[in-house]
Enquirer: 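Sharing a structure, written as structure tokens. Questions coming.
Numbers restart at 1 for each chain; the letters A, B, ... are given by sequence-line order, proteins then strands. Both backbone and side-chain heavy atoms feed into the values below; hydrogens, waters and symmetry mates do not.
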Amino acid sequence: MTTAAITTDLATTTQPAASVQWSAFGSLLLRDALVVWKTKWAFLLRTIMQPLLFVFVFGYVFPKIGQGIGGRAGAAQFSTLLGPGLIAVAIIFQGIQSVALPMVQEFGYTREIEDRVMAPVPVWAVGAEKIVSGALQSVFAALVVLPFVYLVPSTPVHFSFNWPVIVTLVPLSCLLAGALGLTVGTRVEPRQVPLIFSVLVLPMTMLGAAYYPWTKLGAIPWLKWAVLVNPLVYMCEGMRMGMTNIPHMNGFAIYGAIIGFTLALTWIGIDGFRKRVLT
Amino acid sequence: MVPEATDAAAVHPPASPPVTAITGDEVIRCIGLTKQFPGRGGAPSVMAVDHLDLAVRRGEIFGLLGPNGAGKTTTVGMLTTRVIPTSGQALVGDIDVVAEPALAKQLIGVVPQVNTLDRSLTVFENLYFHGRYFGMGAKASRAAANELLERFKLADRAKADTLTLSGGMAQRVMVARAILHRPAILFLDEPTAGLDPQSRIALWEVVQDLHAQGQTILLTTHYMEEADQLCDRVAIMDHGKILALDTAEGLKASIGADTEIGLQADGDLDALARVLESGDTVTRTQVTGDVLRAYLRGSARGALPRLIARADDAGYSITDVSVTEPTLETVFISLTGKELRE
């Protein structure tokens, strides 16, 4: 190596900040994309397994053995309402998997995020990149899960896509998932990881209107109102609005809540990130 | 404001060091830099760095020498944007690191104490992406990564998982990564802590090589040999303050002795110290733990038998004797009354 390669000069290293920052942000995304590519089989497995088993047991096995949920007519509708719910679950689950879990490791044990934190961008931008990266992975997760929820059930699935809703609500939901991932990832200690699943992911999915429409919860009024603290409810209902003709929550409430949760979690997540990085 | 230690300041820590003007040649400046950590669980708050004034000149290796907890890492943390000062100012080049951290980060390369290599990436990818984070194009970043791997004798490990690297290799990769974007200043925080002697010497060679090419380096260490061997100037730090700042030679000369005789003996060492000082051989003494250090002008030849005889006459039986030249450890002991390793 020539000596010129590491000659240092303040003048040559100070580039226009904005261009460097965008370039750095893009490179952080590129790094995450490479890591996903390197672990693509794990990515697919962790994305597919849960929805596939769910749709297989409840959409294929149950109707076949005459144990369809909601009787014969209900079983047919069940497969249709389950699809959007499973896609929403895949999106939120991906936010935890791709953002929160690696971050818990990186802050807790390995400190390997250090180099990215030292990139010439504001610290909040490194956190924001994690949200965007998680959102992109959630979009992939939704796309990967879609054919399974359509093809696997033994009863007919009736999807009717409302494209304006899909192209706005899917990205928003994915950003929400990424922001949730950052919020969780910056506030959980490594030894608490098992709790993420039992205390957060499981209640969120079971009580997130993924496996039943929120509108039907009128029969249990306290539950109908209590689950509204769960962002997954709005995502599932929104997916139903975008993919099916099943009655769903008011569209304004869905958009309002998803945007509100996204903004709040983004703020909390980035704030948590700054607090973990700076002392 | 820059502290410039004189012999007097070095020997008598409470005296505030005289200051000299800042010139354009100084790439790091700390002015009254302070960090106080709030106490946890009712504990009192900790003054980690206490109104630190410091200037590092372009092209020098500047060492912060001190025991663990002296405030070295907190100082580096503030200069590298990671620790927010409680008060005071830190400048890298002309950039205030608190006001413009993103800009400041462009000018610095950092090798932290722990292995922070990206475990999801190979050795090459660690370097390559570092370049990309700093705005280098794909081609330039790849070329720089390959060049550094070659130079740091890591080319055969380019595709290796970072987890398979030995401590010394990981450290070399981190140094390579830190300099890849050609930072104006390289920060090395305890670069050889935990390394085996061979890896330490290998890393010293790397650092000296960088220095020869004009790289400004600020390193922290609690190894006095490291500060002595590598650094152009050394600041001795304890309890968040700089106690003395000079070249290693200057610091050692400040002791005012050519020979250090370490004695172990049965009985009251403080009393023995007074006995030895009463003669004309010993210029000063210092007792730390079970060792009495006596400092002399000139060599030990002739003086040593006299000292032992004097101790003998006073009823002490000497159990162990060591003869050395004054080291930075000696300076540290004379400033703080304790050993570096404590």
Side-chain angles (χ1 to χ4, degrees), chain A residues 1-39 42 98 102 105-107 109-126 129 274-279, chain B residues 27 35 37 58-59 74 77 80-84 93-95 100-110 112 114-121 125-126 129-137 141 144 147-148 150-151 162 174 177-186 210 212-216:
Chain A
M1 170 160 161
T2 61
T3 53
I6 56 155
T7 333
T8 56
D9 189 345
L10 286 167
T12 60
T13 47
T14 314
Q15 300 174 32
S19 68
V20 172
Q21 293 188 7
W22 279 111
S23 158
F25 193 85
S27 303
L28 291 166
L29 279 175
L30 199 63
R31 178 263 172 201
D32 286 352
L34 176 69
V35 173
V36 172
W37 177 249
K38 283 181 164 193
T39 56
S98 64
Q105 286 283 339
E106 291 180 349
F107 277 132
Y109 294 130
T110 65
R111 312 294 301 174
E112 63 193 293
I113 202 161
E114 286 287 323
D115 192 44
R116 280 164 275 160
V117 169
M118 291 313 294
V121 294
V123 167
W124 65 260
V126 182
E129 184 277 333
R274 289 188 80 251
K275 283 185 177 144
R276 290 299 292 264
V277 166
L278 302 174
T279 40
Chain B
V27 290
K35 180 65 185 184
F37 289 110
R58 189 188 296 261
T74 306
T80 58
T81 76
R82 296 299 298 282
V83 177
I84 311 293
D94 287 326
I95 294 161
E100 298 187 88
L103 208 53
K105 285 193 275 188
Q106 247 175 278
L107 300 178
I108 61 179
V110 185
V114 291
N115 179 344
T116 59
L117 292 173
D118 195 331
R119 269 73 156 175
S120 305
L121 304 178
E125 288 162 352
N126 262 279
F129 275 102
H130 180 90
R132 300 299 305 270
Y133 300 156
F134 280 82
M136 291 169 73
S141 196
E147 231 171 47
L148 283 171
E150 202 66 51
R151 173 191 166 82
T162 56
M174 290 213 289
R177 183 176 70 173
I179 61 166
L180 189 125
H181 63 286
R182 304 188 199 178
I185 304 138
L186 174 64
L210 290 172
Q213 290 168 32
Q215 177 74 60
T216 308

Enquirer: Does any backbone or side-chain atom of E125(B) lie under 4.5 Å from a heavy atom of chain A? Answer side chain, backbone, both or neither.
Expert: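 Contact with chain A: side chain only.
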
Enquirer: Please look at L121(B) and chain A and tell me whether the side chain, the backbone, both or neither of the residue comes under 4.5 angstrom of a heavy atom of that chain.
Expert: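 L121(B) touches chain A through backbone and side-chain heavy atoms alike.
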
Enquirer: Between D118(B) and D115(A), is the side-chain contact (heavy atoms from CB on, under 4.5 Å) condition met? List the steps.
Expert: CA-CA 8 Å; D118(B) 195 331; D115(A) 192 44; over 6 Å; no

Enquirer: Can you tell whether the side chains of E129(A) and R31(A) come within less than 4.0 Å, N to carboxylate O?
Expert: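 The answer is no: the pair does not qualify as a salt bridge.
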
Enquirer: Name the member of A24(A), A125(A), S27(A), G26(A) that forms the most heavy-atom pairs with chain B at distances under 4.5 Å.
Expert: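 Ranked by contacts with chain B, first place is S27(A).
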
Enquirer: Which pair of non-hydrogen atoms, one from L117(B) and one from E112(A), has the smallest distance, and what is that distance?
Expert: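 The pair with the smallest heavy-atom distance is O-CB, 3.3 Å.
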
Enquirer: Are Q105(A) and R119(B) side-chain neighbours, meaning at least one heavy-atom pair lies under 4.5 Å?
Expert: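 No, too far: nothing below the 4.5 Å cut-off.
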
Enquirer: Is any side-chain heavy atom of V121(A) closer than 4.5 Å to one of W22(A)?
Expert: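 No; the side chains remain at least 4.5 Å from each other.
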
Enquirer: Under 4.5 Å heavy-atom distance to chain A, tell me which part of T80(B) shows up: side chain, backbone, both or neither.
Expert: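 Contact with chain A involves both backbone and side-chain atoms of T80(B).
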
Enquirer: Do the rings of F129(B) and Y133(B) sit parallel, tilted or perpendicular, given the 30° and 60° boundaries?
Expert: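 Taking Y133(B) first and then F129(B), their aromatic rings sit tilted (interplane angle of 30° to 60°).
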
Enquirer: Heavy-atom pairs under 4.5 Å with chain A: which of V110(B), V83(B), T74(B) has the most?
Expert: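 Highest number of heavy-atom pairs under 4.5 Å: V83(B).
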
Enquirer: Below 4.5 Å, heavy-atom pairs only: which of I113(A), L34(A), T39(A), V123(A) has the largest tally toward chain B?
Expert: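 The candidate making the most pairs under 4.5 Å is L34(A).
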
Enquirer: Check whether V114(B) gets within reach of chain A through its side chain, its backbone, both or neither, counting any heavy atom under 4.5 Å.
Expert: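 It is the side chain, since no backbone atom gets that close.
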
Enquirer: Which one wins on heavy-atom pair count under 4.5 Å against chain A: S120(B), S141(B), G77(B), A102(B)?
Expert: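 Among the listed options, the one with the most contacts to chain A is A102(B).
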
Enquirer: With a 4.5 angstrom heavy-atom cut-off, which part of I84(B) approaches chain A: side chain, backbone, both or neither?
Expert: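 Its backbone and side chain both get close to chain A.
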
Enquirer: Specify whether H181(B) and H130(B) have parallel, tilted or perpendicular ring planes, treating 30° as the upper limit for parallel and 60° as the lower limit for perpendicular.
Expert: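 Tilted.
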
Enquirer: Is it the backbone or the side chain of T81(B) that comes under 4.5 Å from a heavy atom of chain A, or both, or neither?
Expert: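 Contact with chain A: backbone and side chain both.
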
Enquirer: At their closest point, which heavy atom of M174(B) faces which heavy atom of N115(B), and how far apart are they?
Expert: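 Looking at all heavy atoms of both residues, the closest pair is CE-CA, 3.7 Å.
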
Enquirer: Name the region of V35(A), side chain, backbone, both or neither, that has any atom closer than 4.5 Å to a heavy atom of chain B.
Expert: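 For V35(A), the contact with chain B is made by the side chain alone.
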
